[in-house]
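Right, one structure below, let's go through it.
Convention: sequence-line order gives letters A, B, ...; per-chain numbering from 1. Here the structure is a predicted model, which means the values were calculated and not measured.
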Amino acid sequence: AQSVTQPDIHITVSEGASLELRCNYSYGATPYLFWYVQSPGQGLQLLLKYFSGDTLVQGIKGFEAEFKRSQSSFNLRKPSVHWSDAAEYFCAVVTQGGSEKLVFGKGTKLTVNP
Amino acid sequence: KAGVTQTPRYLIKTRGQQVTLSCSPISGHRSVSWYQQTPGQGLQFLFEYFSETQRNKGNFPGRFSGRQFSNSRSEMNVSTLELGDSALYLCASSEGVTQYFGPGTRLLVL
């Protein structure tokens with residue numbers, strides 16, 4: 001079965017510092033990959049997605065992610081974090097083959113220090 | 001386009017009651033999926049509807065059910081509520097692979 005691992009439960013960074021959130025997936029073929037962000041009490045907002053092609057994808061709010069097939073990874077990055085980026089981040093994979101069921105990682109909570 | 005809307009946003013029920021949650025997808029989207037989010041289990045897939053047909057179902061008991069109407073709006077129902085059903089219930093709509101989420105319904109079972 002497909003699975004997604006986000007090794008870091010909680011990350012704290014200083015405002016202006018760079019950020020990398022890790023995501024590894026387990027899937028036989030190249031899946032469709034997503035990053036979502038959730039602010040407290042809110043739904044999930046799509047940051048970016050990867051289907052195929054260029055392995056470096058750009059998203060909203062200055063985020064980018066790089067797909068590395070050899071490492072089964074899809075890490076999220078941002079060069080300079082803003083206080084408003086404090087939230088929980090979820091990596092997800094869609095299983096291919098007709099029905100779009102998202103499988104999520106457990107999430108990484110980001111705290112931003114001033 | 002307006003986003004995914006969910007009603008109600010908050011709900012308090014007691015054990016044994018039943019509850020119905022509603023989701024209106026983005027205009028033109030025919031697929032609606034439901035997810036349960038809890039601190040312990042994270043985000044778990046409940047079911048997906050496409051053109052009024054359940055296309056996929058997660059590993060939840062039969063107390064959890066859903067349906068989709070001809071206008072793509074969807075409802076999910078939970079009967080005989082248990083304390084463990086307290087969660088944030090998220091609806092997502094899609095036209096293709098990418099899913100867009102609503103704000104969720106926060107259900108508290110007392």
Side-chain angles (χ1 to χ4, degrees), chain A residues 1-10 21 23-25 27 29-53 57-60 65 67 74 87-109, chain B residues 1-10 21 23-26 29-51 53-60 66 68 87-108:
Chain A
Q2 298 80 13
S3 66
V4 177
T5 302
Q6 294 180 246
D8 304 304
I9 297 173
H10 192 182
L21 302 182
C23 172
N24 293 95
Y25 66 90
Y27 189 57
T30 300
Y32 300 138
L33 294 158
F34 303 83
W35 275 99
Y36 287 88
V37 61
Q38 185 179 36
S39 297
Q42 301 299 312
L44 301 173
Q45 182 182 21
L46 178 68
L47 283 176
L48 47 77
K49 59 189 176 185
Y50 174 78
F51 291 172
S52 65
V57 292
Q58 302 297 320
I60 62 172
F67 170 65
F74 188 56
E88 191 155 18
Y89 293 79
F90 293 92
C91 181
V93 58
V94 161
T95 61
Q96 297 182 25
S99 72
E100 289 92 33
K101 164 190 165 181
L102 276 167
V103 175
F104 286 91
K106 293 293 188 184
T108 298
K109 184 176 180 180
Chain B
K1 284 184 181 178
V4 178
T5 58
Q6 292 186 245
T7 56
R9 293 293 311 278
Y10 303 93
L21 312 182
C23 172
S24 292
I26 293 170
H29 287 190
R30 292 185 293 168
S31 173
V32 173
S33 299
W34 289 88
Y35 295 83
Q36 181 196 63
Q37 185 178 28
T38 59
Q41 299 300 316
L43 283 151
Q44 293 184 288
F45 172 78
L46 280 157
F47 28 66
E48 181 210 358
Y49 285 87
F50 181 84
S51 293
T53 301
Q54 187 180 86
R55 191 158 67 169
N56 201 0
K57 191 177 190 305
N59 189 25
F60 278 82
Q68 187 179 32
L88 181 66
Y89 290 89
L90 292 163
C91 166
S93 78
S94 64
E95 188 59 51
V97 177
T98 305
Q99 296 187 27
Y100 299 91
F101 285 81
T105 294
R106 174 77 63 184
L107 172 64
L108 177 62

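If you run side chain to side chain donor-acceptor pair (under 3.5 Å) between Y89(B) and each of Q6(B), Q36(B), Q37(B), only Q36(B) comes through.
Take Y89(A) and apply the side-chain hydrogen bond (donor to acceptor under 3.5 Å, both in side chains) test, not counting sequence neighbours, and it matches no residue.
With a threshold of 4.5 angstrom between heavy atoms, Q38(A) approaches chain B through side-chain atoms but not through N, CA, C or O. Proximity to chain A is limited to the side chain of S33(B), based on heavy atoms less than 4.5 angstrom apart.
Note: Y100(B) and H29(B) have tilted aromatic rings, judged against thresholds of 30 and 60 degrees for the angle between ring planes. Relative ring orientation between F101(B) and Y35(B) is described as tilted, the plane-to-plane angle lying within the 30° to 60° band.
Ranked by heavy-atom pairs shorter than 4.5 Å toward chain B, the options L46(A), L102(A), V103(A) are led by L102(A).
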